[in-house]
Amino acid sequence: MVDRRMVSVLLGVLWAAPLAAQQTAPAVPAPDPVAVTAGVRPGDVIRVWIWREQDYSGEFPVDARGTAVLPLLGEVRVPGKTAEQLSDTL
């Protein structure tokens with residue numbers, strides 16, 4: 001004959017095991033490789049598009065100093081800025 005306490009302990013362990021596995025392994029999204037390297041670096045190209053202003057739109061390379069020359073704005077320092085930060089700045 002099996003002791004009732006032993007059965008209840010065994011059932012408790014079996015019931016708690018899946019819950020513990022769920023709590024110890026939270027779903028963590030994998031890092032986005034684009035987000036990790038999203039900062040602008042020398043050699044990158046910045047694409048600026050201004051609606052109905054073709055003279056001010058285009059692709060502008062980032063030089064070795066981390067600057068890009070944009071129409072009307074001239075030299076703009078951009079190293080390490082994300083696309084969103086650069087958009088806000090411009």
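Note that the coordinates shown come from a computational prediction; the quantities given were computed from them, not determined experimentally.
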Between atom [atom1] of [X] and atom [atom2] of [Y], what is the distance when rounded to the nearest 0.5 Å?
X: L90; Y: L70; atom1: CG; atom2: CG; result: 6.0 Å
X: E53; Y: L72; atom1: CD; atom2: CG; result: 9.0 Å
X: W49; Y: E59; atom1: CH2; atom2: CD; result: 14.5 Å

What closest approach, in Å, do [X] and [Y] show between heavy atoms, and which atom pair accounts for it?
X: I50; Y: S57; result: N-OG, 2.7 Å
X: P79; Y: G66; result: CD-O, 3.0 Å
X: G39; Y: D44; result: O-OD2, 3.9 Å
X: Y56; Y: P71; result: CD2-CB, 3.8 Å

Are V62 and L73 joined in one hydrophobic group, where the rule is that I, L, V, M, F, W and Y side chains link up if heavy atoms are under 4.5 Å apart?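 Yes.
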Pairs flagged by salt bridge (Lys or Arg N to Asp or Glu O under 4.0 Å) wherever residues 66-75 is involved - sequence neighbours left out: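 Output for this query lists R65-E75.
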Quick one: does T89's side chain have a donor or acceptor within less than 3.5 Å of a partner on Q85's backbone? yes
